[in-house]
Structures are given as structure tokens and as C-alpha cells.
Amino acid sequence: DVQLQASGGGSVPTGGSLRLSCATSGFTFEEHTVGWFRQAPGKEREGLSCINIGDGSTYYSDSVKGRFTISRDKDKKMVYLDLNGLKPEDTAVYYCARRWMTGLSTTVWEYDYWGQGTLVTVSS
């Protein structure tokens with residue numbers, strides 16, 4: 001069965017950094033794109049970044065570009081999101097998900113499997 005497990009969230013001060021990890025299993029890793037999303041209370045789920053596992057190409061949303069970095073480890077079947085320069089408005093539950101096939105898009109409905117979220121809280 002396809003599984004994705006997000007971890008690494010926590011509480012950090014404004015300007016701090018955090019590494020989120022997504023452990024995957026149950027699918028052919030190289031044939032898909034994995035994305036990161038977040039959802040704050042009362043907000044729609046927001047696409048942040050994604051990476052094509054095979055060739056390593058990436059996409060970043062404007063809200064995240066220049067601050068967050070996505071990467072993957074093919075051997076470990078892991079995807080990471082490095083969060084830098086964190087702001088209070090980054091506070092949200094962060095999710096990793098698998099796109100149905102390769103493609104640099106963070107359109108929510110194009111992702112068919114989702115991990116449980118990990119909470120990131122950015123304080124003063």
C-alpha cells in the first residue's frame with residue numbers, strides 16, 4: 001500500500017529553520033512527483049513546492065520561493081523540505097503527498113495519496 005509519513009514539525013522562533021521529512025513506500029518512487037502543502041486554520045490547502053523524483057526538477061510557489069528548499073534521496077525514498085527564514089504566517093499543518101504521475105504542479109486534486117500532517121508553529 002502507498003504510504004507517506006510527514007515528520008519534523010515543531011515550534012521555532014521567527015527567522016528560524018526546520019527540516020521536514022517525508023518517508024514514502026509502496027510505489028515506484030522514480031515515476032512520480034512528490035509535493036509539499038500546508039493548511040492553516042480557516043484557510044484552503046496551499047501548494048508550496050514539488051519535486052520530480054526521477055530528474056530532480058522542482059517548483060516553488062511565490063510565498064515560499066527563496067526561503068524553502070525541496071530535495072529527495074532516491075536510496076532512502078525520502079523527500080525533504082528545508083524551511084528557512086520562518087515567519088508567523090508560516091504556521092500551519094504541513095503535508096506531503098504523491099502526484100498521480102510526474103509533473104511540476106501543486107494542484108491539490110492531482111495528488112492521490114497524502115500523508116498525515118506535521119505541525120509547524122512559528123512564534124515570536
Side-chain angles (χ1 to χ4, degrees):
D1 293 338
V2 174
Q3 293 186 67
L4 299 95
Q5 294 181 312
S7 62
S11 182
V12 295
T14 298
S17 299
L18 211 54
R19 165 166 272 202
L20 306 183
S21 298
C22 180
T24 75
S25 63
F27 66 96
T28 304
F29 198 45
E30 310 80 41
E31 299 297 326
H32 294 270
T33 291
V34 173
W36 284 96
F37 302 77
R38 69 185 178 193
Q39 190 162 23
K43 299 276 192 176
E44 296 292 321
R45 191 163 297 183
E46 176 189 10
L48 303 176
S49 182
C50 63
I51 184 166
N52 287 339
I53 304 302
D55 65 12
S57 56
T58 60
Y59 164 82
Y60 298 93
S61 68
D62 289 341
S63 66
V64 142
K65 192 175 182 65
R67 297 192 298 129
F68 295 1
T69 302
I70 192 169
S71 61
R72 91 299 200 199
D73 185 326
K74 289 184 178 181
D75 291 336
K76 296 183 179 296
K77 298 173 71 70
M78 298 281 290
V79 177
Y80 306 98
L81 187 68
D82 292 317
L83 286 56
N84 300 297
L86 285 164
K87 309 171 182 178
E89 53 262 44
D90 293 319
T91 296
V93 176
Y94 285 68
Y95 300 88
C96 62
R98 186 198 81 168
R99 194 174 186 270
W100 54 40
M101 61 184 297
T102 58
L104 293 179
S105 167
T106 55
T107 302
V108 170
W109 60 265
E110 294 177 352
Y111 286 75
D112 55 4
Y113 289 95
W114 294 77
Q116 96 290 353
T118 187
L119 177 64
V120 172
T121 300
V122 184
S123 64
S124 60

J.: In Å, rounded to the nearest 0.5 Å, how long is the span from CZ of R99 to CH2 of W109?
T.: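 Between atom CZ of R99 and atom CH2 of W109 there are 8.0 Å.
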
J.: Report yes or no: does N52 contribute a side-chain atom to a donor-acceptor pair with the main-chain N or O of G54 at less than 3.5 Å?
T.: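 Such a contact is absent between N52 side chain and G54 backbone.
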
J.: Would you say the rings of Y111 and F37 are close, in the sense that their centroids are separated by under 6.0 Å?
T.: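 F37 vs Y111: aromatic centres under 6.0 Å.
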
J.: Under a plain distance cut-off of 3.5 Å, with no hydrogens placed, do S61 and E46 share a side-chain donor-acceptor pair?
T.: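 Absent: no donor and acceptor within the cut-off.
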
J.: Could you grab the distance from atom CD of Q116 to atom OG of S7, nearest 0.5 Å is fine?
T.: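 Q116 atom CD to S7 atom OG measures 7.5 Å (nearest 0.5 Å).
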
J.: Can you name the nearest heavy-atom pair linking V93 to G117, along with the distance?
T.: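 It is CG1-CA, 3.5 Å.
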
J.: Counting neighbours of CD on E89 that are heavy atoms of other residues, nucleotides or ligands and sit closer than 6.0 Å, is the number greater than 12?
T.: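 Above 12, so yes.
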
J.: For the residue pair L4 and C96, what are the closest heavy atoms and their distance?
T.: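 Answer, listing the atom of L4 first, then C96: CB-SG, 4.0 Å.
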
J.: How long is the straight-line distance from CG of L48 back to CZ of R67, given to the nearest 0.5 Å?
T.: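 Between R67 CZ and L48 CG, I get 9.5 Å after rounding to 0.5 Å.
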
J.: Under 4.5 Å between side-chain heavy atoms, hopping through other hydrophobics if needed: is there a path connecting V12 to L83?
T.: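 Cluster IDs for V12 and L83 match.
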
J.: Is the shortest heavy-atom distance from the side chain of I70 to the side chain of V34 under 4.5 Å?
T.: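 They are not in side-chain contact.
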
J.: Sub-3.5 Å donor-acceptor pair from the side chain of Q5 to the main-chain atoms of G115, do we have one?
T.: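 Between the backbone of G115 and the side chain of Q5 there is no qualifying donor-acceptor contact (under 3.5 Å).
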
J.: Locate the shortest heavy-atom distance separating T102 from T33; write the atom from each residue and the value.
T.: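 Scanning both residues completely, I find the closest heavy atoms to be CA-OG1, 3.3 Å.
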
J.: Side-chain heavy atoms nearer than 4.5 Å, only ILVMFWY residues, links allowed to pass through others: does that put I53 and M101 together?
T.: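 I53 does not cluster with M101.
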
J.: Rounded to the nearest 0.5 Å, how far does OG1 of T106 lie from CH2 of W36?
T.: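 Reported value, rounded in 0.5 Å steps: 14.0 Å.
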
J.: Going by side chain to side chain contact (heavy atoms under 4.5 Å, CB included), V120 matches just one of L20, T91, D90. Which one?
T.: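 One option only clears the test, and that one is L20.
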
J.: Any pair with a residue in residues 72-83 that passes side-chain hydrogen bond (donor to acceptor under 3.5 Å, both in side chains), sequence neighbours left out, goes on the list, sorted by first then second residue, please.
T.: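 Non-adjacent pairs meeting side-chain hydrogen bond (donor to acceptor under 3.5 Å, both in side chains): R19-D82.
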
J.: What are the two closest non-hydrogen atoms of L18 and G8, and how far apart are they?
T.: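 Closest approach of L18 to G8: CG-O, 3.5 Å.
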
J.: I need the minimum non-hydrogen distance between S11 and S123, along with the two atoms involved.
T.: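 Nearest pair, atom of S11 first, then S123: OG-OG, 4.3 Å.
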
J.: Over all heavy atoms of both residues, which pair between Y94 and R38 is shortest? Give the atoms and the distance, please.
T.: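 Looks like OH-NH1, 3.0 Å.
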
J.: Are any of the side-chain heavy atoms of H32 and Y113 separated by less than 4.5 Å?
T.: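 In short, these two side chains do not touch, never coming nearer than 4.5 Å.
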
J.: Roughly how far apart are L81 CG and C50 SG, rounded to 0.5 Å?
T.: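 Reported value, rounded in 0.5 Å steps: 11.5 Å.
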
J.: Are the side chains of R98 and V2 in contact, using a 4.5 Å heavy-atom criterion?
T.: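 Of all side-chain heavy-atom pairs linking R98 with V2, at least one is under 4.5 Å.
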
J.: Looking at OG1 of T58 and CZ of F68, how far apart are the two atoms once the value is rounded to the nearest 0.5 Å?
T.: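 Between T58 OG1 and F68 CZ, I get 14.5 Å after rounding to 0.5 Å.
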
